[in-house]
Number of protein chains: 2
Amino acid sequence: MNTSETPSFERHDHERCIHSTVGRVAAACAERGLQLTPVRKRVLELLLDQHKALGAYELLDALRADGLGSQPPAVYRALEFLVGNGFAHKIERLNAFVACCIDETQHSPAFLICRGCNAIAEAESDGLKTAIEDTASACGFVVEQRVVEIEGLCPQCAIAQ
Amino acid sequence: MNTSETPSFERHDHERCIHSTVGRVAAACAERGLQLTPVRKRVLELLLDQHKALGAYELLDALRADGLGSQPPAVYRALEFLVGNGFAHKIERLNAFVACCIDETQHSPAFLICRGCNAIAEAESDGLKTAIEDTASACGFVVEQRVVEIEGLCPQCAIAQ
DNA sequence: AATAGAACGATATACTATACCGCACCTATG
DNA sequence: CATAGGTGCGGTATAGTATATCGTTCTATT
């Protein structure tokens with residue numbers, strides 16, 4: 001099965017992770033005529049700071065500290081932009097948001113959520129997509145959106161427990 | 001692939017659907033020493049009324065009408081009981097709840113959510129479970145809970161569109 | 001410079017969920 | 001019988017998440 005995931009659970013050069021993602025998003029915006037405004041960029045950076053999900057109000061607190069907005073609509077508008085354009089994802093189970101680290105427009109990955117360290121990895125798996133498509137088509141259902149959120153323990157936390 | 005789903009998208013004897021589920025839950029409670037109190041039973045019935053997800057406050061309005069409770073904790077306590085014991089499920093994507101129509105304790109099905117008619121079907125698929133397990137184990141992740149919610153169109157609504 | 005659309009600030013409100021306290025009831029046990 | 005522990009529930013209050021709306025400002029383009 002063809003499976004790939006973000007390196008959230010492994011030691012990696014996270015500075016590079018951040019810079020390459022911000023650069024990629026900036027380029028995508030330029031190309032697609034989208035505005036990566038200061039608020040939007042800052043929210044993306046906040047989400048990228050760790051591979052963890054942040055709630056809208058945590059982001060809002062950080063925006064306030066930066067003088068970039070003080071009311072809920074500010075952060076929700078930025079999140080709408082980021083999620084709508086595939087630069088971030090909402091984790092339904094947590095009512096929280098993560099930056100997207102995969103260079104692929106409008107994909108719909110599975111998320112691995114570690115309950116130990118709260119890290120989140122994004123996994124793209126052909127086998128999983130196929131299984132969902134098969135499950136749906138078995139009863140004549142036409143798939144439009146998928147939410148796949150898997151909770152458990154990442155390798156490090158599994159050992160520690 | 002072994003796949004089975006609830007008949008939510010098909011014409012079926014829904015009265016029978018309701019009665020058999022209420023009976024099954026009552027039996028399970030008796031067997032496991034759980035109390036199917038009036039509030040809990042009523043919430044289950046409300047959820048069973050249609051194969052659709054209901055929000056906590058919709059349920060609360062109905063409970064009020066029946067004189068069975070008037071404040072949020074009443075309905076959330078009932079939902080905690082039903083979900084905790086596998087008699088109902090929370091649909092994370094909708095922040096809403098559905099009755100469980102599958103006779104299997106503590107399972108973790110996929111949900112098919114029709115955006116046309118709002119019906120929800122529960123699908124048990126071995127292939128899907130395997131794919132999730134494979135995706136997770138590919139990066140050493142230990143699965144504890146799964147959320148799989150598939151949005152799209154049921155057979156009838158797909159034709160109508 | 002004029003204009004149209006996008007983004008933003010600000011206020012208000014809606015929707016979802018939980019913490020906490022005290023009472024009533026049951027029943028197990030001394 | 002007394003009482004202690006557990007469970008469920010009513011009620012108050014509050015926490016947490018999200019959106020509607022309106023008027024202004026910014027930006028790209030004419």
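Order of the sequence lines fixes the chain letters, A, B, ..., with proteins taken first and strands second; residue numbering starts at 1 for each chain. Quick caveat: nothing in here was measured; it's all calculated off a predicted structure.
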Between [N] atom [atom2] and [X] atom [atom1], what is the distance in whole Å?
X: A/Leu79; N: D/dA18; atom1: CG; atom2: C1'; value: 11 Å
X: A/Leu60; N: C/dC8; atom1: CG; atom2: P; value: 14 Å
X: A/Glu80; N: D/dA18; atom1: CD; atom2: P; value: 13 Å
X: A/Gln71; N: D/dA18; atom1: CD; atom2: C1'; value: 13 Å
X: A/Arg93; N: C/dT16; atom1: CZ; atom2: C1'; value: 15 Å
X: B/Phe81; N: C/dT18; atom1: CZ; atom2: P; value: 18 Å
X: A/Leu54; N: D/dT17; atom1: CG; atom2: C1'; value: 15 Å
X: A/Asp66; N: C/dG9; atom1: CG; atom2: C1'; value: 17 Å

field: hbond_proxy A/Tyr57 side chain to D/dA18 base (donor-acceptor, 3.5 Å cutoff)
entry: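 Pair found.
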- request: Mind running side chain to side chain contact (heavy atoms under 4.5 Å, CB included) on A/Val98 and A/Leu47 for me, showing each step along the way?
  value: CA-CA 6 Å; A/Val98 288; A/Leu47 291 178; 5.9 Å; no
Side chain [X], main chain [Y], donor-acceptor under 3.5 Å:
X: A/Ser8; Y: A/Ile120; result: yes
X: A/Glu149; Y: A/Ile113; result: no
X: B/Thr6; Y: B/Glu122; result: yes

- request: Could you tell me whether A/Arg77 contacts a base, only the sugar-phosphate backbone, or nothing, with contacts defined as non-hydrogen atoms closer than 4.0 Å?
  value: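 Base contact.
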Does [N] have its OP1 or OP2 closer than 4.0 Å to a side-chain nitrogen or oxygen of [X]?
X: A/Lys90; N: D/dT17; answer: no
X: B/Asn95; N: D/dT17; answer: no
X: A/Ser70; N: C/dG9; answer: no
X: B/Tyr76; N: C/dA17; answer: yes
X: A/Lys41; N: C/dA7; answer: no

- prompt: B/Pro72 side chain: which of C/dA6, D/dA20, C/dA17 is closest?
  reply: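 Nearest to the side-chain atoms of B/Pro72, counting from C-beta on, is C/dA17.
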task: Can you figure out which of D/dC9, C/dA17, D/dT19 approaches the side chain of B/Arg40 most closely?
output: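 Output: D/dC9.
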field: Identified side-chain contact (heavy atoms from CB on, under 4.5 Å) counterpart of A/Val75 within the set A/Leu46, A/Leu63, A/Val39
entry: A/Leu63
